[in-house]
Amino acid sequence: MSPSPTFIAIAFLAAVLLVNWRLVLLVLSACLVAMILMGLGVGGGAAAASGTPQTPATAPAEPGPAPIDEATPGQR
């Protein structure tokens, strides 16, 4: 009885990972650090900048002349 192709592939992958254990450890630690940083929201600023544009809080809703019944600076 010959081993199945799935068993051969898993055995080969396990052998490669055992030989390159330092690379596996490096990749796993990088993934862990990335997940921690994503959980803390460190990358939120870059994600928000690429999302929908936001208007500044000081900008008027509709640019144009001020309404007449509001007093403008310097007038009384």
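Residues passing the side chain to side chain contact (heavy atoms under 4.5 Å, CB included) test with Ile36, sequence neighbours excluded: Leu32, Leu40.
Within the model, atoms CG of Leu23 and CG of Leu28 stand 9.5 Å from one another, a figure rounded to the nearest 0.5 Å. Taken to the nearest 0.5 Å, the CH2 atom of Trp21 stands 11.0 Å off from the CG atom of Leu26.
No continuous path of hydrophobic side-chain contacts links Leu17 to Phe12 [ILVMFWY only; heavy atoms under 4.5 Å].
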